[in-house]
Amino acid sequence: ARGAPGPAPAKAGVAADRAHPVVVELFTSQGCSSCPPANALLTRLSARPEVLALSFGVTYWDDLGWKDTFASHQYTDRQTAYVKTLGGDGDYTPQMVINGAADVVGSRTAEVEALIARQGRPVGPDIKLSASGAVVGAGAWSGAPADVWLVRYDPRIVQVPVKRGENAGATLPHKNVVRVLTRLGGWSGKTVSVAFAPATGGLATAVLVQRPGGMIVAAARD
C-alpha cells in the first residue's frame, strides 16, 4: 500500500437501492500484495443490488516486477484526481472511494461498510438507462457542469495468474473490472440525453454523473 486514506464524512446518507446504487471504486494492482483481500471484498460487495462495485487497475506498480493486465493510465489519473479532491497524501493501493466523496483502505471491511452506510445513495438526478443510451433527469445544480461517464465493466470473475512481483505464483480473481471509461458530455441541471453503442463481449454498462474529480451525484447500471 502507498499513502494514507483521507478523512471520512460525518453526514448520514439516504439508503441506496438498485435504481440508485452507492458507487464503490477500488483502485488496485496485481503487483500489490495488500490488494487481494480488497479484491475479495469488492467481489462480495458486487453481489449486493444496492452497490455498484467497480475495479480500476492502476499503473504505478507496473515497474516493480509485474505489469497489471487491466491497468490504465486513465484510471491512475482518476485516482490522482480523487487524492487531490479528498486531501490525501498520495496515491495508494488498495484504496476504495465511495461516491467520489470519501476514501478508505480497501481491505478494511468494517470501515468500508460504515462508509457505504454513511454515504448512502447519490442524491442527484434519476438516470434512465437503455442499451443504446441514457437520459439524465433534471435537478438542482450549481457550479461547473458535472461529467457524464460511460463505464463498461466485466461482471464475470476473471482469474489472473501472476508470474512475478509481490504476488508471484498466485492466481488472483478479479470482478467488475472496468474496461472502458468514456466521458459522454456534461450535465448542468437540465434533462440531457446521451447515446452510446450497445455493450459487447459480455461487458455490463453503468452511467455516472460526477462533479469533475469529485462527488458522484447520480449512478445507474443495466
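Remember, predicted model here, so these are calculated numbers, not experimental data. Values below: every heavy atom of this structure, side chains too, minus hydrogens, waters and symmetry copies.
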Completion exercise
Taking every heavy atom of G120 against every heavy atom of A16, the minimum-distance pair comes out as C-CB, 4.3 Å
Practice task
Please report the shortest heavy-atom distance between R164 and W66, naming the atom on each side.
Solution key: O-CB, 3.4 Å
Practice task
Flag the pair P21 / E50 as yes when at least one side-chain heavy-atom distance between them is below 4.5 Å, and no otherwise.
Solution key: no
Handout entry: Residue pair V158 / T69, side-chain heavy-atom distance below 4.5 Å
Key = no
Practice task
Identify whether V97 and W61 are in the same connected component of the hydrophobic contact network (ILVMFWY, side-chain heavy atoms under 4.5 Å).
Solution key: yes
Exercise for the section: Write out all pairs satisfying side-chain hydrogen bond (donor to acceptor under 3.5 Å, both in side chains) with one or both partners inside residues 167-177, taking only residues at least two apart or from two chains. Expected result: S46-K175
Handout entry: Shared hydrophobic cluster for M215 and V207 (ILVMFWY, side-chain gaps under 4.5 Å)
Key = yes
Handout entry: Minimal non-hydrogen separation, P173 against I157, with atom names
Key = CB-CG2, 3.9 Å
Practice task
Keeping the roles fixed (side chain from R221, backbone from L129), state whether a donor-acceptor pair exists under 3.5 Å.
Solution key: no
Handout entry: Y82-E25 side chain donor-acceptor pair, cut-off 3.5 Å
Key = yes
Exercise for the section: Rounded to the nearest 0.5 Å, what's the gap from CG on L172 to CD on Q30? Could you check? Expected result: 6.5 Å
Handout entry: Under 3.5 Å: donor-acceptor pair, side chain of Q74, backbone of L181
Key = yes
Problem - Any side-chain heavy-atom pair of F70 and D154 under 4.5 Å - result: no
Exercise for the section: Please round to the nearest 0.5 Å and tell me the distance separating atom OG of S29 and atom CG of D62. Expected result: 6.0 Å
Handout entry: Closest non-hydrogen atom pair, W187 against G137
Key = NE1-O, 2.9 Å
Exercise for the section: Check whether any side-chain heavy atom of V58 lies under 4.5 Å from a side-chain heavy atom of D68, and answer yes or no. Expected result: no
Exercise for the section: Indicate the atoms forming the closest heavy-atom contact of I127 with A219, along with that distance. Expected result: CD1-N, 3.7 Å
Problem - Cluster check L208, V178: I/L/V/M/F/W/Y, side chain < 4.5 angstrom - result: yes
Practice task
Indicate yes or no for a side-chain donor-acceptor contact from D17 to the backbone of A19 under 3.5 Å, with no hydrogens or angles considered.
Solution key: yes
Problem - N99 side-chain N/O to V23 backbone N/O, donor-acceptor pair under 3.5 Å - result: yes
Practice task
Please examine the side chains of L45 and I116, heavy atoms only from C-beta on, and report whether any two atoms are closer than 4.5 Å.
Solution key: yes
Handout entry: Connected via hydrophobic side-chain network under 4.5 Å: V105 and V83
Key = no
Handout entry: Heavy-atom closest pair, residues K163 and A168
Key = O-CB, 3.8 Å
Fill in the blank from the handout: In this structure, CG of L26 is separated from CZ of F56 (nearest 0.5 Å) by 9.5 Å
Exercise for the section: Report the residues that fulfil side chain to side chain donor-acceptor pair (under 3.5 Å) with R152, sequence neighbours left out, ordered by chain and then residue number. Expected result: T205
Problem - Rounded distance (nearest 0.5 Å) linking atom CG of L41 with atom CE of M96 - result: 4.0 Å
Practice task
Could you give me the CA-CA distance, side-chain angles and deciding distance for T109 and R44, then say whether side chain to side chain contact (heavy atoms under 4.5 Å, CB included) is met?
Solution key: CA-CA 10 Å; T109 301; R44 295 195 298 273; 3.8 Å; yes
Exercise for the section: State yes or no: do W141 and V192 share one hydrophobic cluster built from I, L, V, M, F, W and Y residues joined by side-chain heavy-atom distances below 4.5 Å, directly or via other members? Expected result: yes
Problem - side chain to side chain contact (heavy atoms under 4.5 Å, CB included) assessment of T59 paired with K67 - result: CA-CA 8 Å; T59 55; K67 183 176 173 63; over 6 Å; no
Completion exercise
CD (Q210) and CG (D147) are apart, to the nearest 0.5 Å, by 7.0 Å
Exercise for the section: Measure the CZ-CD1 distance between R121 and I216 for me, rounded to the nearest 0.5 Å. Expected result: 14.0 Å
Practice task
Return the set of residues passing ring pair (Phe, Tyr, Trp, His ring centres under 6.0 Å) with Y153 (not counting sequence neighbours), or none when no residue passes.
Solution key: none
